[in-house]
Structures are given as structure tokens and as C-alpha cells.
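Worksheet: the structure to be examined is printed underneath.
Below, chains carry the letters A, B, ... as their sequence lines are ordered, and counting in each starts from 1.
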Number of protein chains: 2
Amino acid sequence: MLSLRAMSGYELRQAIESSIGNFWSESFGQIYPTLKRLERDGFVSADEGGRAGSKVYSLTESGRERLGRWLEVMPQPQVPRNELLLKLFFGNLLPPERLSEQVAGWRRGLVAELTLYQARAAELSKRMAGRPGLPFWLMTLRHGELRTKALIEWCDETLAQLEAMARLKDESVFEEVTR
Amino acid sequence: MLSLRAMSGYELRQAIESSIGNFWSESFGQIYPTLKRLERDGFVSADEGGRAGSKVYSLTESGRERLGRWLEVMPQPQVPRNELLLKLFFGNLLPPERLSEQVAGWRRGLVAELTLYQARAAELSKRMAGRPGLPFWLMTLRHGELRTKALIEWCDETLAQLEAMARLKDESVFEEVTR
DNA sequence: TCCGTCATGTAAATGGTTACATGATTCG
DNA sequence: CGAATCATGTAACCATTTACATGACGGA
């Protein structure tokens with residue numbers, strides 16, 4: 001983030017939240033100690049900020065070089081954790097309606113996410129036109145868009161199946177009663 | 001996992017790896033202390049295993065009830081972390097070819113994942129036919145399939161864009177030389 | 001003057017992996 | 001008999017969040 005512009009720790013967090021918040025996040029408890037460590041190691045330098053006690057950090061040459069080397073390293077796939085899927089895996093221990101609620105709730109979140117991606121892409125294209133980073137920023141948004149669309153599709157498919165299961169269960173109860 | 005059958009800590013890990021490994025994982029360093037804690041709290045009980053010193057854990061009634069209550073709680077969305085996207089975000093600091101390599105590498109991993117999902121779904125449907133959990137297990141695999149397909153699509157789109165960028169850069173170099 | 005935001009930081013707790021140590025059993 | 005696998009466990013370390021404490025500054 002400091003490669004884009006010099007910032008305080010506080011601004012850093014806002015910048016992270018508003019630009020890469022969809023796929024990365026950091027808390028103050030991470031940011032401040034890390035800035036100190038980076039300063040100690042000469043990767044960033046601290047200057048007096050506008051107000052008393054505040055500091056503005058900027059990337060040093062050494063830091064920029066280090067960033068470049070880090071960017072070149074292929075990231076290894078991380079272990080995913082998805083609590084909804086974990087619960088769904090044990091779905092037969094729960095009435096289908098309960099599961100439907102959870103999937104539906106998740107779907108609502110995804111739809112909100114999706115509209116956010118699309119709005120942000122439109123806004124960025126205007127506000128940041130000509131900036132060298134723009135194509136890459138749009139790529140990350142597009143990733144979110146495609147991913148979210150696929151997951152919404154999955155929710156719809158899954159909800160339909162769960163509903164069919166619930167209907168089947170009701171029918172068998174009906175048969176039991178009429179038999 | 002113990003709701004499916006009684007297991008040792010070692011088997012537990014294998015079971016996790018082979019069934020929900022796509023969206024969850026646990027290490028021995030987590031498993032063994034957790035089993036002790038669960039036994040202390042009465043959620044699981046330990047019996048003598050087949051070999052000396054080994055224990056087979058099973059879920060108690062209290063544990064099954066607790067599991068049921070946990071299943072009902074809606075999971076809150078977790079903060080995602082995607083290192084590839086993080087690097088892509090700062091893509092203008094790197095030659096496009098370097099980025100292409102990374103995206104292509106990721107794509108290879110995704111393709112392998114996808115074939116695994118499809119193979120597993122076919123195998124499960126046969127081997128576990130009639131089991132009450134089967135529909136839910138297939139749902140989690142279907143999630144992986146749709147998600148992975150979307151991400152492969154994104155990779156293709158992104159690779160095309162990166163290539164176009166690289167071509168554009170080469171052209172402008174060519175112009176500089178011929179001018 | 002008081003509230004909201006800007007701003008920095010630390011301590012405690014949590015969650016999780018990795019490395020290490022140890023030993024039983026099985027199979028070729 | 002040696003290697004692979006089954007099996008349990010602990011200690012160190014790393015990453016991360018949350019809660020807390022503190023205070024500056026600007027504007028209503």
C-alpha cells in the first residue's frame with residue numbers, strides 16, 4: 001500500500017479496507033507493530049505527520065526492492081476454510097428447512113457483495129482512468145464478480161435440492177398418516 | 001466426524017483429509033489436545049483401541065446434542081485472504097510475463113482440483129449409494145466444482161488481458177526503436 | 001464543550017502449524 | 001530385520017483479533 005503513496009497506520013487500514021478488502025484485511029494490532037519492524041529493518045521510513053504524535057510512513061528504496069522480490073514469488077495455495085460447507089456436510093443431522101435458511105442467508109450476502117463489485121468497477125474505471133494500476137485493480141474485482149456469481153448459482157441449485165428434500169419428507173409423513 | 005463413526009485421532013485426520021479436505025483441515029497439533037478437552041467436557045468418550053496405547057473416541061449423547069446446536073448457528077462470513085490477488089493488485093510493478101506465469105500456475109492447480117471433484121463425485125455416488133449423508137456430501141463437491149470452474153474462466157480471461165498488455169508493451173518498444 | 005474521527009499503541013487471548021520425540025504394528 | 005505406517009503427544013513459534021488505554025483535533 002505504501003508503494004501507492006505515503007500513509008499513516010490509520011490511513012493504511014482504511015486504504016486496505018477500501019481497495020483490497022475483498023480479498024485481504026489487516027487489523028491495527030498487526031499494522032502498528034509491523035510498521036515498527038519494517039522501519040527497524042529499513043524497508044519504510046517514518047516522517048512527522050500533520051498532527052502531534054502522528055507518523056507518515058513511506059517506502060524506502062530498499063523496501064521497494066524487497067516488495068518487487070516478494071511479488072515474484074509464486075504464492076502457494078492456502079488451506080481454505082468454509083464453515084457453511086462444514087455444516088452442510090453434516091446436513092442430515094438437521095431439518096432441511098434449517099439448512100435452507102443458512103444457505104439463503106449466505107446467498108443474500110453474496111448478492112450484496114456482487115452489486116458492490118459491479119458498482120466499484122464502474123466507479124474505479126471513471127475515477128482512476130489512466131492510472132497504470134487500473135487494469136490490475138479491475139482484474140481483482142472481476143475475480144470477485146465471477147466467483148460470487150458462481151456461488152450464487154450454487155446457492156440456487158442447492159436451495160432447490162433442499163426444498164425437494166423437504167417436500168419428500170412431508171409426503172412420506174402424509175403417507176404414514178393415511179396408511 | 002465422530003458423528004459418522006468412532007475413530008482414533010489418527011483416523012480422524014485421514015477422514016478429514018479425504019472427505020472435507022477441500023474446505024476444511026486440521027493438524028495433529030489441533031486434534032489431540034482438542035480430543036482431550038472434549039473428553040474432559042464429556043462430549044466424547046475414549047475407549048481402548050486395537051493396539052497398545054491407542055484410543056478410539058466416540059461421540060456421547062451430550063456431544064451429539066452439542067453438535068446439533070452448533071450446526072444450527074448461522075456461520076458469519078469469514079475474511080478471505082488471497083495472496084495471488086494481492087500480488088496481482090500491485091501488478092504494474094512487475095513485467096506482465098511474470099504475472100502470467102503466476103496466473104497460469106494457479107490455473108493448473110485449479111484444473112487438477114476440478115478433475116478431482118468430478119472423480120470424487122462419481123466415486124461417492126457409487127460407493128455411498130443410499131447413505132443419508134450422500135446428497136449433502138455431493139452438494140459440497142458441487143460447490144467446489146462450480147467455484148473452480150468460475151475461477152478457471154477468470155484465469156483465462158486474465159491471461160488474455162495480460163498477454164495483450166505484453167504485446168502492447170513490445171509494440172511501443174518497437175516504435176521507439178524504429179522512430 | 002462535547003462528540004466524532006483521527007491516531008497510536010499494547011496485552012491477552014486465540015487459533016493454528018511445524019517440528020520434534022516416542023513407540024507399536026505390519027508387511028515385504 | 002528394516003521400512004512404512006499407525007499412533008500419541010508436546011513445545012515452540014507464528015499469525016491474528018479483540019479489548020483496552022490514551023490522547024489530538026475539528027466542527028457543531
Side-chain angles (χ1 to χ4, degrees), chain A residues 1-2 5-41 43-58 70 73 75-87, chain B residues 1-2 5-41 43-58 70 73 75-87:
Chain A
M1 282 294 138
L2 294 181
R5 61 180 180 87
M7 268 181 271
S8 71
Y10 190 88
E11 288 176 295
L12 210 37
R13 212 215 172 178
Q14 292 180 323
I16 290 171
E17 196 83 345
S18 68
S19 62
I20 59 177
N22 318 303
F23 53 83
W24 207 269
S25 82
E26 297 293 348
S27 61
F28 286 131
Q30 283 282 89
I31 290 173
Y32 287 117
T34 302
L35 281 172
K36 282 207 163 170
R37 190 168 56 75
L38 289 174
E39 192 189 1
R40 190 201 57 194
D41 296 348
F43 297 127
V44 306
S45 64
D47 299 289
E48 273 289 303
R51 55 172 74 193
S54 86
K55 298 171 209 163
V56 172
Y57 290 91
S58 42
W70 175 78
V73 178
Q76 62 231 35
Q78 56 250 288
V79 185
R81 289 215 157 167
N82 189 324
E83 197 180 323
L84 180 72
L85 288 186
L86 186 55
K87 288 181 172 170
Chain B
M1 281 294 139
L2 295 181
R5 62 181 180 86
M7 271 181 267
S8 70
Y10 191 87
E11 288 176 295
L12 209 37
R13 212 215 171 177
Q14 293 180 324
I16 290 170
E17 197 82 347
S18 68
S19 62
I20 59 176
N22 317 303
F23 52 85
W24 206 270
S25 84
E26 297 293 348
S27 62
F28 286 133
Q30 283 283 88
I31 290 173
Y32 287 117
T34 302
L35 281 171
K36 283 207 161 170
R37 192 167 55 76
L38 290 173
E39 192 189 0
R40 191 202 54 194
D41 296 348
F43 297 127
V44 307
S45 65
D47 299 290
E48 273 290 301
R51 57 171 70 192
S54 86
K55 298 170 209 165
V56 172
Y57 290 92
S58 42
W70 175 77
V73 178
Q76 63 233 33
Q78 56 250 290
V79 184
R81 289 216 158 166
N82 190 323
E83 197 180 322
L84 180 72
L85 289 187
L86 186 55
K87 287 180 173 169

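- In this structure the side chain of S58(A) never reaches within 4.5 angstrom of the side chain of M7(A), judged on heavy atoms.
- Sequence order on DNA chain D of the closest nucleotides to P33(B) and R81(B) puts P33(B) first from the 5' end.
- Put simply, the side chain of K87(B) reaches to within 4.5 Å of the side chain of E83(B), judged on heavy atoms.
- Of all heavy-atom pairs spanning G9(A) and L35(A), the tightest one is CA-CD1, 3.8 Å.
- Nearer to the 5' terminus of DNA chain D, by closest-nucleotide assignment, is the contact made by Y57(B) (compared with the other of V79(B) and Y57(B)).
- Taking atom OH on Y32(B) and atom P on dT22(C), their separation rounds to 17 Å, with Å as the unit.
- Of the candidates dT17(C), dT8(C), dT16(D), the closest approach to any side-chain atom of E26(B) belongs to dT17(C).
- Among dA7(D), dT8(C), dT17(D), the nucleotide with an atom closest to any side-chain atom of Q30(A) is dT17(D).
- The two residues E39(A) and A46(A) make their nearest non-hydrogen contact at OE2-CB, 3.6 Å.
- Counting to the nearest Å, the C1' atom of dT10(D) and the CG atom of L35(B) are 15 Å from each other.
- V56(A) has its side chain out of reach of E48(A): every pair of non-hydrogen atoms, C-beta onward, lies at least 4.5 Å apart.
- Put simply, the side chain of Y57(B) does not reach to within 4.5 Å of the side chain of F43(B), judged on heavy atoms.
- At whole-Å resolution of the value, CD in E39(B) and C1' in dG9(D) are 14 Å apart.
- The interatomic distance linking F28(A) (CZ) with dA12(C) (C1') rounds to 19 Å, in whole Å.
- Summarising the geometry, the separation between CD on Q78(A) and P on dT17(C) is reported as 13 Å, rounded to the nearest angstrom.
- Closest non-hydrogen pair, I31(B) versus E26(B), comes out as CG1-CB, 3.9 Å.
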Can you name the atoms? Protein N/O to nucleotides 25-27 of chain D N/O, anything below 3.5 Å, with the distance.
unit_1  : atom_1 : unit_2 : atom_2 : d
dC25(D) : OP1    : A52(A) : N      : 3.4

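- For the pair R81(A) (side chain) and S25(B) (backbone), a donor-acceptor distance under 3.5 Å is present.
- In this structure, K36(A) atom NZ and dA11(C) atom P are separated by 11 Å, rounded to whole Å.
- At least one side-chain heavy atom of E11(B) sits less than 4.5 Å from a side-chain heavy atom of R5(B).
- Atom CD1 of I31(B) and atom C1' of dT17(C) are 12 Å apart (whole Å).
- Within residues 9-19 of chain A, no residue is approached by DNA chain D to less than 4.0 Å at the level of any non-hydrogen atom.
- In this structure the side chain of L12(A) never reaches within 4.5 angstrom of the side chain of F28(A), judged on heavy atoms.
- You'll find the side chain of L85(B) stays beyond 4.5 Å of the side chain of I20(A), heavy atoms only.
- An OP1 or OP2 oxygen of dG9(C) is reached within less than 4.0 angstrom by a side-chain nitrogen or oxygen of K55(A).
- Residue contacts shown for S25(B) are limited to sugar-phosphate atoms, with no base heavy atom under 4.0 Å away.
- Annotation for N82(B) and Q78(A): closest pair CA-OE1, 3.9 Å, computed over non-hydrogen atoms.
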For nucleotides 11-14 of chain D, tabulate all protein N/O to nucleotide N/O atom pairs closer than 3.5 Å, reporting atom names and distance.
none

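- Note on S27(A): a base of the nucleic acid sits closer than 4.0 angstrom, heavy atoms only.
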